[in-house]
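First up is the structure itself, then whatever we jot down about it.
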Amino acid sequence: MTTLFVSHGAPTLAIEPGKTGALLEELAASLPHPKAILVVSAHWDTPEVKVGAAVKPETIHDFTGFPQSLYEISYPANGAPALAAKTASLLKAAGIATQQDATRGLDHGAWVPLMLMYPDADISVAQLSIQTNGTPLGHYKIGQAISQLQDENVLILCSGAITHNLRDFFTVQRDSKTLEYVHEFSNWVGDKIAYNETEALFNYRNSSKNGIRAHPTEDHIMPLFVALGAAHGQATRYQPEDTFGILAMDAYCWQ
């Protein structure tokens, strides 16, 4: 199995999948069918690492002000308590304090890409949190610790964003031309991943021209560092589209 990083965009991706939805569908079809999926979502931010161990995780609609149809969507996948326990064990063995949460559901950073990739919801899912009080290197080490799950046919799906500036999101028109820094930063990230320049990526806020503008807060880039730590092989970059003038919907697959 492999590691994926996907940009999940706005919640409306679930009902307006566009080119990104088509890409996610194609990626899922190109991979072996996973035994289970571990999702690392930007929308579960906890002080310490947590892994969801719910038997039947609820579909969390963690957004406001969107079309009613979004709030009616359910992604009824089974949970993966055994995977959660194994994940927690691997992290603890690596010296990373981890708690299991038997009540946590799937937030939209998890269920939106999942419903586009695996619409039958027939694969069990566990979710792993990120920590914005942590560091890129710390998240990379989390990825390293859970990397061996792929040997057991577990897909590690890291869901965040290559660019994510909410102030820009709410001040540009939906059909606006993509702001210049979006392409500059996403291409910078693409080059650093291609040449395995992880130290520069860890220090992206200082080593890139527009790192801080692309990510005023770090929640949506942290899943990328988990993916970098977990991944094996060479990354393939996909650039299906930009949305809302500020979201580069890049995805990476390591094989």
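Note that this is a predicted model, so its numbers are computed, not measured.
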Sub-4.5 Å side-chain heavy-atom contact between [X] and [Y]:
{"X": "E218", "Y": "T135", "answer": "no"}
{"X": "I15", "Y": "P67", "answer": "yes"}
{"X": "F244", "Y": "L179", "answer": "no"}
{"X": "W188", "Y": "K209", "answer": "no"}
{"X": "H8", "Y": "H43", "answer": "yes"}
{"X": "T20", "Y": "M249", "answer": "yes"}
{"X": "L4", "Y": "I156", "answer": "no"}
{"X": "S129", "Y": "V51", "answer": "no"}

Check residues 192-200 and write down every donor-acceptor pair under 3.5 Å in which the side-chain atom is one partner and the other belongs to a residue at least two apart or another chain.
from: K192; atom 1: NZ; to: E197; atom 2: OE1; distance (Å): 2.9

May I have all residue pairs that pass salt bridge (charged side-chain N to carboxylate O under 4.0 Å, His left out) and include part of residues 223-251, sequence neighbours excluded?
->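 Checked against salt bridge (charged side-chain N to carboxylate O under 4.0 Å, His left out) - neighbours excluded - the pairs reaching residues 223-251 are R237-D250.
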How far does [atom1] of [X] sit from [atom2] of [Y], to the nearest 0.5 angstrom?
{"X": "T132", "Y": "D45", "atom1": "OG1", "atom2": "CG", "result": "3.5 Å"}
{"X": "Q131", "Y": "K50", "atom1": "CD", "atom2": "NZ", "result": "10.5 Å"}
{"X": "K19", "Y": "E26", "atom1": "NZ", "atom2": "CD", "result": "12.0 Å"}
{"X": "Q144", "Y": "L137", "atom1": "CD", "atom2": "CG", "result": "8.0 Å"}
{"X": "H183", "Y": "T178", "atom1": "NE2", "atom2": "OG1", "result": "4.5 Å"}
{"X": "E16", "Y": "L70", "atom1": "CD", "atom2": "CG", "result": "8.5 Å"}

On a heavy-atom basis, which atom in [X] and which in [Y] lie closest, and how many Å separate them?
{"X": "C158", "Y": "P223", "result": "CB-O, 3.3 Å"}
{"X": "L83", "Y": "A126", "result": "CD2-CB, 4.1 Å"}
{"X": "A10", "Y": "L247", "result": "N-CD1, 4.0 Å"}
{"X": "P136", "Y": "Y204", "result": "CG-CE2, 4.5 Å"}
{"X": "A14", "Y": "V112", "result": "N-CG1, 3.9 Å"}
{"X": "A248", "Y": "S186", "result": "CB-CB, 4.0 Å"}

Tell me, please, which residues at least two apart from H139 pass ring-ring contact (aromatic ring centres under 6.0 Å, His included).
-> none
For residues 116-123, tabulate all N or O donor-acceptor pairs below 3.5 Å that involve a side-chain atom, not counting sequence neighbours.
none

Within the distance-only criterion (no hydrogens, no angle test), does the side chain of [X] pair as donor or acceptor with the backbone N or O of [Y] below 3.5 angstrom?
{"X": "S159", "Y": "S41", "value": "no"}
{"X": "S89", "Y": "A85", "value": "no"}
{"X": "Y181", "Y": "I246", "value": "no"}
{"X": "S147", "Y": "A230", "value": "yes"}
{"X": "K56", "Y": "P76", "value": "yes"}
{"X": "N78", "Y": "S124", "value": "no"}
{"X": "N210", "Y": "R213", "value": "no"}
{"X": "N153", "Y": "H33", "value": "yes"}

What I want to check is whether the side chains of [X] and [Y] have a donor and an acceptor closer together than 3.5 Å.
{"X": "T3", "Y": "Q150", "answer": "yes"}
{"X": "H215", "Y": "T163", "answer": "no"}
{"X": "T98", "Y": "Q100", "answer": "no"}
{"X": "Q127", "Y": "D107", "answer": "yes"}

If the plane angle is over 60° it's perpendicular, under 30° parallel, otherwise tilted; pick one for Y71 and H61.
->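 Y71 and H61: tilted rings.
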Do F185 and N187 pass the side-chain contact (heavy atoms from CB on, under 4.5 Å) test, and can you show the C-alpha distance, the side-chain angles, and the key distance before you say yes or no?
-> CA-CA 5 Å; F185 182 74; N187 287 332; over 6 Å; no
Worked check of side-chain contact (heavy atoms from CB on, under 4.5 Å) between L91 and I142 = CA-CA 7 Å; L91 289 166; I142 289 171; 3.9 Å; yes
May I ask you to check whether Y238 and Y252 place their ring centers less than 6.0 Å from one another?
->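 No, too far apart.
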Within one Ile-Leu-Val-Met-Phe-Trp-Tyr cluster: I130 and I96, side-chain cutoff 4.5 Å | yes
Same cluster or not: are L114 and I60 linked, directly or through other Ile, Leu, Val, Met, Phe, Trp or Tyr residues, by side-chain heavy atoms under 4.5 angstrom apart?
->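 In one cluster with L114: I60, no.
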Contact list for residues 72-102, test ring pair (Phe, Tyr, Trp, His ring centres under 6.0 Å), sequence neighbours left out |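 Listed by first then second residue: nothing to list.
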Sequence neighbours excluded - ring pair (Phe, Tyr, Trp, His ring centres under 6.0 Å) pairs with any residue from residues 77-101 | none
Apply side-chain contact (heavy atoms from CB on, under 4.5 Å) to T103 and E58, showing your working.
-> CA-CA 9 Å; T103 62; E58 67 172 317; over 6 Å; no
Is E25 atom CD crowded by more than 12 heavy atoms from other residues, nucleotides or ligands, each under 6.0 Å away?
-> no
When you look at CD of E180, are more than 12 heavy atoms from neighbouring residues, nucleotides or ligands closer to it than 6.0 Å?
->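 At most 12 heavy atoms, drawn from other residues, nucleotides or ligands, come within 6.0 Å of this atom.
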Take L128 and W44 through the test side-chain contact (heavy atoms from CB on, under 4.5 Å) and record every step on the way to the result.
-> CA-CA 8 Å; L128 185 65; W44 190 17; 5.8 Å; no
